[in-house]
Visitor: 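Sharing a structure here in structure tokens format.
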There are 2 protein chains.
Amino acid sequence: MPLAKIDTFDNSDKQLADIAKALSHPARINILRILNERNSCITGEIVDLIPLSQSTVSQHLKELKRVNLIKGEIEGPRTCYCLNEDVVEKTKSVFTKLFSTFKCC
Amino acid sequence: MPLAKIDTFDNSDKQLADIAKALSHPARINILRILNERNSCITGEIVDLIPLSQSTVSQHLKELKRVNLIKGEIEGPRTCYCLNEDVVEKTKSVFTKLFSTFKCC
DNA sequence: TCACCTCATCGTAGATTTGCGATAATCGAT
DNA sequence: ATCGATTATCGCAAATCTACGATGAGGTGA
């Protein structure tokens, strides 16, 4: 299999871009804020707070889970989501590091 | 015209998501780093440093210019790009503010 | 003027994202 | 066992993104 061009980019830049992608939709930012305020939420509560359908919200949750910014725990018929604090902090430091490399920052 | 659902999201969340989108490709992160190191570059120099075609690089530059992270100045037949330091700093503070709202950060 | 250089834009193809309704799967309660 | 509640997944459509080659627009130098 030939080397895809995207693979030639620096690994940490790929990681950074990937997490930026997870943050690139207002609904997902909104979900992070909600989970921060309430500590934890079941899917239904989030759906009630976001102007999108249940299935769409579920997909956004999946994307946030993909990059581990949130964790979901199954509790009977519900799923309880909360921030993954370790990864949130790590993400903060990744962005901080990026901006600290810029001379102007 | 009906109100699009995306318009119901908080404005600052939309802005944040939009700038995250601009950062969501490793080539664009790479370009920002290059411009930081060299202070300024013409398009051709960036093309030589990035494993993508000239037209593709030009599109990535356009996306970065869309969110004002970079500025391009036409110098005869060339275009000289550099970081827009004000916006880079502003972006840094927007991300810093986001993460500072999280209890764990 | 004319050939050349530089670079943005156009047109296009394929992949990915976003959104929805419908469906399926799982659990709790009756 | 079955019904209802909850939520993930499926299937689909529309939109957007990514990438490229080709083209065009504009400037420079011969």
Side-chain angles (χ1 to χ4, degrees), chain A residues 1-9 13-14 17-31 34-35 40-67 69-82, chain B residues 1-9 13-14 17-31 34-35 40-67 69-82:
Chain A
M1 193 162 70
L3 192 65
K5 282 194 177 178
I6 189 126
D7 290 332
T8 67
F9 288 108
D13 281 358
K14 281 192 285 182
D18 197 45
I19 209 143
K21 183 159 71 72
L23 297 175
S24 73
H25 194 292
R28 294 196 286 265
I29 304 275
N30 201 337
I31 289 170
I34 289 167
L35 291 179
S40 72
C41 272
I42 62 167
T43 306
E45 293 177 302
I46 300 171
V47 170
D48 289 341
L49 293 168
I50 298 221
L52 294 171
S53 73
Q54 181 267 321
S55 62
T56 303
V57 170
S58 191
Q59 277 186 107
H60 285 305
L61 289 167
K62 190 180 181 180
E63 170 69 5
L64 289 171
K65 216 165 46 176
R66 182 185 67 82
V67 296
L69 278 169
I70 66 174
K71 339 181 231 197
E73 213 172 310
I74 295 169
E75 288 183 357
R78 306 144 213 262
T79 308
C80 187
Y81 287 98
C82 61
Chain B
M1 194 162 74
L3 191 64
K5 283 195 176 178
I6 189 125
D7 290 333
T8 68
F9 288 108
D13 282 357
K14 280 192 287 182
D18 197 44
I19 211 144
K21 183 158 70 71
L23 297 175
S24 73
H25 194 292
R28 293 196 286 267
I29 304 276
N30 200 337
I31 289 170
I34 289 167
L35 291 180
S40 72
C41 271
I42 63 167
T43 305
E45 292 176 304
I46 300 171
V47 170
D48 289 341
L49 293 168
I50 297 220
L52 294 171
S53 72
Q54 181 266 319
S55 61
T56 303
V57 170
S58 192
Q59 277 186 107
H60 284 305
L61 289 167
K62 190 179 181 182
E63 170 69 7
L64 290 171
K65 217 165 48 177
R66 183 184 67 83
V67 297
L69 278 168
I70 66 174
K71 340 181 231 196
E73 214 171 310
I74 293 169
E75 286 184 359
R78 310 145 210 260
T79 310
C80 187
Y81 286 99
C82 62

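Predicted, not measured: the structure shown is a model, and the values here were computed from it. Sequence lines set the chain letters: A, B, ... in the order given, protein chains first and strands last, and positions in each chain run from 1.
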Visitor: I'd like to know if the side chain of E63(A) and the backbone of H60(A) have a donor-acceptor N/O pair within less than 3.5 Å.
Guide: no

Visitor: Find the distance D18(B):CG to dT18(C):P and express it as a whole number of Å.
Guide: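 Rounding to the nearest Å, CG of D18(B) and P of dT18(C) are 12 Å apart.
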
Visitor: Of all the nucleotides listed (dC5(C), dA8(D), dT9(C)), which has the minimum atom distance to the side chain of K62(B)?
Guide: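 Out of dC5(C), dA8(D), dT9(C), the nucleotide with an atom closest to K62(B)'s side chain is dT9(C).
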
Visitor: Taking the nucleotide of DNA chain C with the nearest heavy atom to each, does H25(A) or G76(A) sit closer to the 5' end?
Guide: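 Going by which nucleotide is closer to the 5' end, it is H25(A).
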
Visitor: By nearest nucleotide on DNA chain C, pick out whichever of L61(B) and R66(A) is the more 5' one.
Guide: L61(B)

Visitor: Whole angstroms only, please: what is the CD-P distance between Q59(B) and dC17(D)?
Guide: 11 Å

Visitor: Just how far, in rounded Å, is C1' of dA5(D) from CD of E45(A)?
Guide: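 Rounded to the whole Å, the gap is 14 Å.
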
Visitor: Give K21(B) one of three labels, base, sugar-phosphate or nothing, depending on what nucleic acid heavy atoms sit under 4.0 Å from its own.
Guide: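 Sugar-phosphate: the residue K21(B), judged by heavy atoms under 4.0 Å, touches backbone atoms but no base.
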
Visitor: Pick out which of L35(B), I46(B), V57(B), I50(B) makes a side chain to side chain contact (heavy atoms under 4.5 Å, CB included) with N30(B).
Guide: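 In the set L35(B), I46(B), V57(B), I50(B), the residue that makes a side chain to side chain contact (heavy atoms under 4.5 Å, CB included) with N30(B) is I50(B).
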
Visitor: Given atom OH of Y81(B) and atom P of dT6(C), what is their separation to the nearest angstrom?
Guide: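 After rounding, the reported distance stands at 15 Å.
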
Visitor: Starting at CZ of R78(B) and ending at C1' of dT28(D), how long is that distance when rounded to a whole Å?
Guide: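 My rounded result for the distance is 9 Å.
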
Visitor: Tell me which nucleotide among dG19(C), dA22(C), dC20(C) gets nearest to the side chain of Q54(A).
Guide: dA22(C)

Visitor: Which whole-number value in Å describes the distance from F9(A) CZ to dT18(D) P?
Guide: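 Rounded to the whole Å, the gap is 11 Å.
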
Visitor: If you go through the side-chain atoms of S55(A), does one of them form a donor-acceptor pair with the base of dG21(C) closer than 3.5 Å?
Guide: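 Pair found.
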
Visitor: Taking only the side-chain nitrogens and oxygens of S58(A), find out if one of them lies under 4.0 Å from OP1 or OP2 of dT7(D).
Guide: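 It does not, given that no N or O in the side chain of S58(A) lies less than 4.0 Å from OP1 or OP2 of dT7(D).
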
Visitor: Within the structure provided, determine whether D18(A) and R66(A) are in side-chain contact (heavy-atom separation under 4.5 Å).
Guide: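 In short, these two side chains touch, coming nearer than 4.5 Å.
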
Visitor: Out of dG21(C), dC20(D), dT18(D), which has the shortest distance to the side chain of L52(B)?
Guide: dC20(D)

Visitor: For dC17(D), take OP1 and OP2 only and decide whether either is under 4.0 Å from a side-chain N or O of H60(B).
Guide: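 No, H60(B) has no side-chain N/O under 4.0 Å of OP1/OP2 on dC17(D).
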
Visitor: I need the CD-P distance between E63(B) and dT16(D), as an integer number of Å.
Guide: 13 Å

Visitor: Would you mind reporting whether L52(B) and F9(A) have side-chain heavy atoms less than 4.5 Å apart?
Guide: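 Yes, close enough: below the 4.5 Å cut-off.
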
Visitor: So do Q54(B) and S58(B) actually touch side chain to side chain, heavy atoms under 4.5 Å?
Guide: yes

Visitor: What's the closest nucleotide to the T56(B) side chain, out of dG26(D), dA19(D), dT7(D)?
Guide: dA19(D)

Visitor: How many Å lie between CD1 on I74(B) and C1' on dC5(C), as a whole number?
Guide: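 These atoms are roughly 15 Å apart.
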
